[in-house]
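Read through the structure below, which is laid out as structure tokens, and then see the notes.
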Amino acid sequence: MGSNLEYLLRIPLFYGLPEEQLQEISNLLLERSYQKGRFIFMEGEPGEALYILKSGLIKLTKRLEDGREHILHFVNPGEVFAEVVLFDGGDYPATAEVQEDSVVGVLRNQDIERLISQNPSMALGMLHIMSRRLRTAQEKVMNLALHDTARRLAFALIKMAEEHGIKKPGGILINFNLTNQELANLTGSSRETINRMLNSFKRAGAIDVDRQQIMVLDKGKLEDLLR
């Protein structure tokens, strides 16, 4: 339980809560481990809990009407996901797939609802998280609607470098494997188009690609495409 408490202290959702309230949350936090390729929940299943990623990487996706997969978000350790089911009591609006072996903290709706009713500051923290997620979604909608494929891909690579990047001597390594099909699902494009765009960015010296890992060599060249 002590390790749970130390972990919760680093989660923005719980900033400002007194230690006794954090301890109560810690006592309710269940821990589950998932191997790469497993699904935590599927779109359309009853929403029963919110999740906190302790370690690993989770991909959130939504199935489009034509059957294609659209990637909504890659969840980093320390992020809360599936929090939306707390407020509407409905089904999960997306699918959560494990990209790397992961450890997840689980807070059941019935438990967290009771805590929120007792601690309005926690509800405010959740609204802040959802506002940031909404802002990101709006940016993505604008990016898909107004930009061509090159700009959409540049935008996605910049965001991933900021959120998942590790600084290396030659640039910023996007710290997980990403297939061309996943990049296509993220940018609303085709795998063939993404392959051409990656080769173009590589020739321009903006990125390097080694198997399924991307190194951003010159972020400024990617940013130039957005102007």
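These values consider heavy atoms only, across backbone and side chains, with no hydrogens, waters or symmetry-generated copies.
- Aromatic ring pairs are classed by plane angle as parallel below 30°, tilted from 30° to 60° and perpendicular above 60°; the pair Tyr51 and Tyr92 is tilted.
- Of all the heavy atoms in Ile194 and Leu183, the pair that sits closest is CG2-CB, 3.8 Å.
- For the atom pair CG of Leu157 and CG of Leu225, the computed distance is 10.0 Å after rounding to the nearest 0.5 Å.
- Put simply, Met215 and Phe176 are part of two different groups of oily side chains (I, L, V, M, F, W, Y) that touch within less than 4.5 Å, one to the next.
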Show the atom names and distances, to 0.1 Å, of all donor-acceptor pairs under 3.5 Å that link a side chain in residues 52-61 to residues at least two apart or in another chain.
from  : atom 1 : to     : atom 2 : distance (Å)
Lys54 : NZ     : Asn4   : OD1    : 2.6
Lys54 : NZ     : Glu31  : OE1    : 2.7
Lys59 : NZ     : Glu182 : OE2    : 3.1

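- Sequence neighbours left out, the pairs with a member in residues 43-53 that pass salt bridge (charged side-chain N to carboxylate O under 4.0 Å, His left out) are Glu43-Lys62.
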Hey, mind stepping through Ile158 and Lys219 against side-chain contact (heavy atoms from CB on, under 4.5 Å) and telling me if it holds?
-> CA-CA 7 Å; Ile158 290 169; Lys219 186 179 175 183; 3.8 Å; yes
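- Following chains of ILVMFWY side-chain contacts shorter than 4.5 Å, one cannot reach Val209 starting from Leu217, and the two form parts of different hydrophobic clusters.
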Worked verdict on Glu79 versus Asn76 for side chain to side chain donor-acceptor pair (under 3.5 Å) | CA-CA 6 Å; Glu79 284 191 71; Asn76 289 310; 3.3 Å; yes
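- The minimum heavy-atom distance between Ser189 and Thr149, with the atom names listed, is OG-CG2, 3.6 Å.
- Between atom CZ of residue Arg151 and atom CE of residue Met197 there is a gap of 12.5 Å, rounded to the nearest 0.5 Å.
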Would His73 and Glu163 satisfy side-chain contact (heavy atoms from CB on, under 4.5 Å), going step by step from the backbone distance to the final call?
-> CA-CA 11 Å; His73 184 61; Glu163 296 176 359; 4.3 Å; yes
Side-chain donor-acceptor distances from residues 167-175 under 3.5 Å, at least two apart:
none

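- Interatomic distance, Leu28 CG to Asp111 CG, rounded to the nearest 0.5 Å: 4.5 Å.
- Contact detail for Gly47 and Asn109: the closest heavy-atom pair is O-ND2, 3.1 Å.
- Both Leu30 and Val98 are part of a single hydrophobic cluster, where members link through side-chain heavy atoms under 4.5 Å apart.
- Counting all heavy atoms, side chain and backbone alike, Leu222 lies closest to Ala154 at O-CB, 3.7 Å.
- Under the salt bridge (charged side-chain N to carboxylate O under 4.0 Å, His left out) criterion, the residue pairs touching residues 191-204 are Lys202-Asp208, with sequence neighbours excluded.
- Of all the heavy atoms in Leu72 and Ala94, the pair that sits closest is CD1-CB, 3.7 Å.
- Once rounded to the nearest 0.5 Å, the distance linking CG of Leu153 with CG of Leu186 reads 9.0 Å.
- A heavy-atom distance below 4.5 Å is not found between the side chains of Val216 and Glu162.
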Apply side-chain contact (heavy atoms from CB on, under 4.5 Å) to the pair Ile214 and Leu198, showing each step before the final yes or no.
-> CA-CA 9 Å; Ile214 297 174; Leu198 288 175; 4.3 Å; yes
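- Not counting sequence neighbours, Arg32 has no partner by the side-chain hydrogen bond (donor to acceptor under 3.5 Å, both in side chains) test.
- With contacts defined as side-chain heavy-atom distances shorter than 4.5 Å, the pair Arg114/Glu24 qualifies.
- Asn185 is linked by a side-chain hydrogen bond (donor to acceptor under 3.5 Å, both in side chains) to Glu69, Gln181, counting only residues two or more places apart in sequence or in another chain.
- Smallest separation of non-hydrogen atoms from Thr187 and Arg152: O-NE, 2.7 Å.
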